[in-house]
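Position 1 is the first residue of the sequence; numbering continues from there.
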Amino acid sequence: MGDTNGQVEAGDNSQGNRLDQLNYPSDVLIDKETDSLIICDRFNRRVVRWSRCSDTTLGEILINSIDCFGLAMDDQRYLYISVTDKHEVRRYQIGDKNGTLVAGGNGNGASLNQLNWPAYIFVDQQQTVYVSDNNNHRVMKWSKGAKEGIVVAGDQGEGNALTQLYRPNGLFVDTLGTIYVADSGNHRVMRWPKGAKQGTVIVGGNGGGEGANQFNGLRGLSFDQHGNLYVVDWGNDRVQRFSIE
């Protein structure tokens, strides 16, 4: 905290597909057990792992030839990946190249057993998978082993009413089942209590712009242990932090 300069942890050797390069990294997580970063290297169609040791200059390919976008890891260190061209989420053991289907996988569509361009993922302690179903303007919840999901936010078409989402992206779900979602096209972050038919705006919602209370398209979001909310304000090339009650 307080640093004005960041430290490069992976890449920084220009855009490319060598093992020391990345091309449009879209999501990242920390694997604490191996003290490494796992990165969705989207335009290289691969998931890579970079050790956080200071002398690391090359990444290691975990999964190749995959149109990945979002990543998550559960308590058992299973890796979850949203696969945009197949409209599905797959679960992998580290070292597994094929994975297991856990959401979607029935083509592009809006039925309860389908997704349409799944973006970000959140996985809880019961291995329940939450997916921001971007082109369906909804958030879906898939219980472990389920053949179809249930809608837990949105699904009223694109729009800016409190019952609607527009191109949802980043997700976080707390222990009470409350969903926090980056409602990208509406330039706002919404909170949806478990079972609610509509959400509330907690930050943004003031139109697209560069103000401190505005966003210009959103991507990922996360919380720290003190309850501070971090939002990737994609169109403004910045990350914003908010204190949320």
Side-chain angles (χ1 to χ4, degrees), residues 22-29 38-47 63 66-74 79-92 99 101-124 128-142 148-160 164-173 179-192 199 204 208 215-223 229-236 239:
L22 299 169
N23 188 352
Y24 195 97
S26 60
D27 206 358
V28 61
L29 58 82
I38 296 178
I39 304 166
C40 172
D41 188 9
R42 177 160 174 77
F43 282 0
N44 282 326
R45 301 187 69 241
R46 64 191 185 187
V47 176
I63 303 165
I66 182 171
D67 281 333
C68 59
F69 189 86
L71 300 173
M73 183 175 279
D74 68 21
L79 181 64
Y80 297 75
I81 305 173
S82 60
V83 187
T84 55
D85 65 330
K86 295 183 178 178
H87 309 285
E88 66 187 24
V89 178
R90 298 190 76 81
R91 181 179 65 220
Y92 295 80
L101 179 71
V102 293
N106 293 293
N108 168 8
S111 298
L112 292 179
N113 67 346
Q114 294 179 303
L115 299 167
N116 188 350
W117 216 93
Y120 289 90
I121 316 165
F122 185 92
V123 182
D124 69 13
T128 301
V129 178
Y130 295 81
V131 188
S132 53
D133 190 7
N134 189 275
N135 283 350
N136 282 327
H137 314 292
R138 67 188 185 184
V139 177
M140 298 289 289
K141 173 183 175 180
W142 291 66
E148 62 180 36
I150 63 171
V151 179
V152 289
D155 203 29
Q156 302 294 318
E158 67 179 63
N160 62 4
Q164 294 178 301
L165 299 169
Y166 185 19
R167 304 266 187 228
N169 277 320
L171 278 179
F172 181 87
V173 183
I179 297 164
Y180 297 81
V181 56
D183 188 12
S184 180
N186 287 320
H187 314 290
R188 65 190 184 185
V189 177
M190 297 192 74
R191 175 166 52 204
W192 290 66
F215 301 107
N216 183 11
L218 298 88
R219 288 293 175 94
L221 60 76
S222 63
F223 283 89
L229 170 67
Y230 298 80
V231 185
V232 178
D233 188 6
W234 184 70
N236 284 324
V239 177

Decide yes or no for [X] and [Y]: does some side-chain heavy atom of the first lie under 4.5 Å from some side-chain heavy atom of the second?
{"X": "D27", "Y": "F69", "answer": "no"}
{"X": "D183", "Y": "L218", "answer": "no"}
{"X": "L101", "Y": "R90", "answer": "yes"}
{"X": "D155", "Y": "D133", "answer": "no"}
{"X": "M73", "Y": "V123", "answer": "no"}
{"X": "Y80", "Y": "V102", "answer": "yes"}
{"X": "V151", "Y": "M140", "answer": "yes"}
{"X": "R42", "Y": "P25", "answer": "no"}

Once rounded to the nearest 0.5 Å, what's the spacing between atom [atom1] of [X] and atom [atom2] of [Y]?
{"X": "S222", "Y": "L229", "atom1": "OG", "atom2": "CG", "answer": "7.5 Å"}
{"X": "L165", "Y": "N160", "atom1": "CG", "atom2": "CG", "answer": "11.0 Å"}
{"X": "H87", "Y": "L115", "atom1": "NE2", "atom2": "CG", "answer": "9.0 Å"}
{"X": "H187", "Y": "D233", "atom1": "NE2", "atom2": "CG", "answer": "10.0 Å"}
{"X": "F215", "Y": "N186", "atom1": "CZ", "atom2": "CG", "answer": "12.5 Å"}
{"X": "F43", "Y": "N23", "atom1": "CZ", "atom2": "CG", "answer": "6.5 Å"}

Give the minimum heavy-atom separation between [X] and [Y], together with the two atoms involved.
{"X": "I38", "Y": "L71", "value": "O-CD1, 3.5 Å"}
{"X": "A182", "Y": "R219", "value": "CB-O, 3.5 Å"}
{"X": "N169", "Y": "S184", "value": "ND2-CB, 3.4 Å"}
{"X": "S82", "Y": "I121", "value": "N-CD1, 3.2 Å"}
{"X": "L171", "Y": "F122", "value": "O-CD1, 4.1 Å"}
{"X": "N108", "Y": "Q114", "value": "O-NE2, 3.8 Å"}

Are the side chain of [X] and the backbone of [Y] linked by a donor-acceptor contact shorter than 3.5 Å?
{"X": "Q164", "Y": "Q156", "value": "yes"}
{"X": "D41", "Y": "V47", "value": "no"}
{"X": "N136", "Y": "G109", "value": "yes"}
{"X": "R167", "Y": "G217", "value": "no"}

Check whether more than 12 heavy atoms from other residues, nucleotides or ligands sit under 6.0 Å from atom CH2 of W234, and answer yes or no.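 No, the 6.0 Å shell around CH2 holds no more than 12 heavy atoms from other groups.
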Look at the rings of Y166 and H137 and say which category their plane angle falls in: under 30° parallel, 30 to 60° tilted, over 60° perpendicular.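 Aromatic pair Y166/H137 classed tilted.
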Once the angle between the rings of Y180 and F223 is folded into 0 to 90°, is it parallel (under 30°), tilted (30 to 60°) or perpendicular (over 60°)?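 Perpendicular.
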Trace of the side chain to side chain contact (heavy atoms under 4.5 Å, CB included) decision for V173 with D124: CA-CA 8 Å; V173 183; D124 69 13; 5.9 Å; no
Tell me if the centroids of the rings in Y130 and Y120 come within less than 6.0 Å of each other.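 No: the rings miss the under 6.0 Å criterion.
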